[in-house]
Student: 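To start, I am sharing the structure in question, which I have written as structure tokens.
Values reported hereafter were calculated over all heavy atoms of this structure, with side chains retained and with hydrogens, waters and symmetry mates removed. In this text, all values refer to a predicted model and were calculated from it rather than measured experimentally.
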Amino acid sequence: MCRTLATFPNSCLERAKEFKTRLGIFLHKSELSSDTGGVNKFEWASKHSKERSFSEDVLGWRESFDLLLSSKNGVAAFHAFLKTEFSEENLEFWLACEEFKKIRSATKLATRAHRIFDEYICSEAPKEVNIDHETRELTRINLQAPTASCFAVAQGKTRTLMEKDSYPRFLKSPAYRDLAAQTSAASSTSVSSSSPAEPSHT
């Protein structure tokens with residue numbers, strides 16, 4: 001639902017336009033960048049996805065939430081959408097957990113664990129995610145002896161929340177529907193123009 005204008009001055013229409021602008025900027029940068037050049041902090045996702053054409057990538061986002069999260073463009077676009085809903089902290093927390101699980105040093109693991117907890121989990125954290133009290137307390141206890149899985153429950157619940165709540169709205173957003181339609185049309189045109197012409201019969 002749209003938050004009240006008393007709390008946020010932008011109207012729902014303005015936020016929709018903002019998302020469309022952000023989406024265009026993210027995807028434009030992604031298309032122009034090289035594989036070695038970082039477009040944004042979500043570049044890591046490309047390592048988890050198979051080589052796909054841009055159109056396959058965009059259209060694949062609606063097939064499953066996993067495909068969206070495995071695409072660097074998809075993550076960037078979804079993040080842009082979440083910012084218009086003031087809920088980008090959910091995705092940022094999920095991404096932070098993914099990076100956290102790669103840490104091998106016990107010292108670095110403990111330091112990063114407390115940093116993530118202070119930023120996303122503790123009460124009144126600057127980017128507090130929406131999790132229940134039991135999960136918050138379980139995570140707090142896990143920090144007494146941090147392991148790579150100490151945020152597993154909180155990360156899982158945040159992911160489920162995004163998949164059931166924000167993800168369907170993202171797919172229904174005018175910006176994504178327009179992008180998918182344009183991409184599909186461009187793909188069809190490309191296929192038609194690349195098809196060999198049928199021999200003429202005299």
Student: Is any side-chain heavy atom of W61 less than 4.5 Å from a side-chain heavy atom of F170?
Tutor: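 Yes, their side chains come closer than 4.5 Å.
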Student: Tell me whether V153 is reachable from F117 by hopping between hydrophobic residues (I, L, V, M, F, W, Y) whose side-chain heavy atoms are closer than 4.5 Å.
Tutor: no
Student: To the nearest 0.5 Å, how far apart are CD in E99 and NZ in K101?
Tutor: 10.5 Å
Student: Less than 4.0 Å between a side-chain N and a carboxylate O, is that true for K127 and E88?
Tutor: no
Student: What's the separation between atom CG in L67 and atom OG in S64, rounded to the nearest 0.5 Å?
Tutor: 3.5 Å
Student: Would you confirm whether S149, through its side chain, and A152, through its main-chain N or O, come within 3.5 Å as a donor-acceptor pair?
Tutor: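 Absent.
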Student: Say whether, by atom type as modelled, one donor and one acceptor occur between the side chain of S184 and the main chain of A180 under 3.5 angstrom.
Tutor: no
Student: Taking side chain as C-beta onward, heavy atoms only, is V129 less than 4.5 Å from I121?
Tutor: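 They are in side-chain contact.
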Student: Is the shortest side-chain heavy-atom distance between T158 and I131 below 4.5 Å?
Tutor: yes
Student: Do L69 and L179 land in one hydrophobic cluster if side-chain heavy atoms of ILVMFWY residues count as linked below 4.5 Å?
Tutor: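 Yes; L179 is reachable from L69 via cluster members.
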Student: Nearest 0.5 Å, please: how far is CD in E85 from CG in D165?
Tutor: 7.0 Å
Student: Before you tell me yes or no, could you show the steps for E128 and Y120 under side chain to side chain contact (heavy atoms under 4.5 Å, CB included), namely the whole-Å CA-CA distance, both residues' side-chain angles and the distance that decides it to 0.1 Å?
Tutor: CA-CA 4 Å; E128 184 178 356; Y120 297 102; over 6 Å; no
Student: Could you measure the distance from the CG atom of L171 to the CZ atom of R62? Nearest 0.5 Å is fine.
Tutor: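 So the gap between those two atoms works out to 9.0 Å.
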Student: Is there a side-chain contact between Q155 and E98 (heavy atoms, below 4.5 Å)?
Tutor: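 A side-chain contact exists here, since the closest heavy-atom pair is under 4.5 Å.
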Student: Would you call D132-R136 a salt bridge at under 4.0 Å N-O?
Tutor: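 Result for this pair is no, no salt bridge flagged.
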Student: Could you go step by step and tell me if F81 and R169 meet the side chain to side chain contact (heavy atoms under 4.5 Å, CB included) rule?
Tutor: CA-CA 9 Å; F81 171 74; R169 288 201 302 276; 3.8 Å; yes
Student: Are the side chains of E89 and E119 in touch, meaning some heavy atoms are under 4.5 Å apart?
Tutor: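 No, every pair of side-chain atoms sits at 4.5 Å or beyond.
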Student: Please walk me through it: do C150 and F100 pass side chain to side chain contact (heavy atoms under 4.5 Å, CB included)?
Tutor: CA-CA 10 Å; C150 64; F100 172 76; 3.7 Å; yes
Student: Test F151 against L143 for side chain to side chain contact (heavy atoms under 4.5 Å, CB included), laying out the working first.
Tutor: CA-CA 9 Å; F151 293 107; L143 256 64; 4.0 Å; yes
Student: Would you say V75 and L95 make side-chain contact, with heavy atoms under 4.5 Å?
Tutor: yes
Student: Is E163 paired with R159 through a side-chain N to carboxylate O contact shorter than 4.0 Å?
Tutor: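 Yes, charged N to carboxylate O under 4.0 Å.
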Student: Below 4.5 Å, heavy atoms only, C-beta onward: do W94 and L161 meet side chain to side chain?
Tutor: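 In short, these two side chains do not touch, never coming nearer than 4.5 Å.
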Student: Which value, rounded to the nearest 0.5 Å, describes the distance between R104 atom CZ and K102 atom NZ?
Tutor: 10.0 Å
Student: Could you tell me the separation between the CZ atom of F78 and the OG atom of S71, rounded to the nearest 0.5 Å?
Tutor: 12.5 Å
Student: Which heavy atom in T139 sits nearest to a heavy atom in T135, and how many Å separate them?
Tutor: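 Smallest heavy-atom distance, with atoms named: OG1-O, 2.8 Å.
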Student: Are E134 and K157 ion-paired here, with the side-chain N under 4.0 Å from a carboxylate O?
Tutor: no
Student: When you measure from the side chain of R177 to the backbone of A175, do you find a donor-acceptor pair of N or O atoms at a distance under 3.5 Å?
Tutor: no
Student: State, with a plain yes or no, whether a side-chain heavy atom of E137 is found less than 4.5 Å away from one of R140.
Tutor: yes
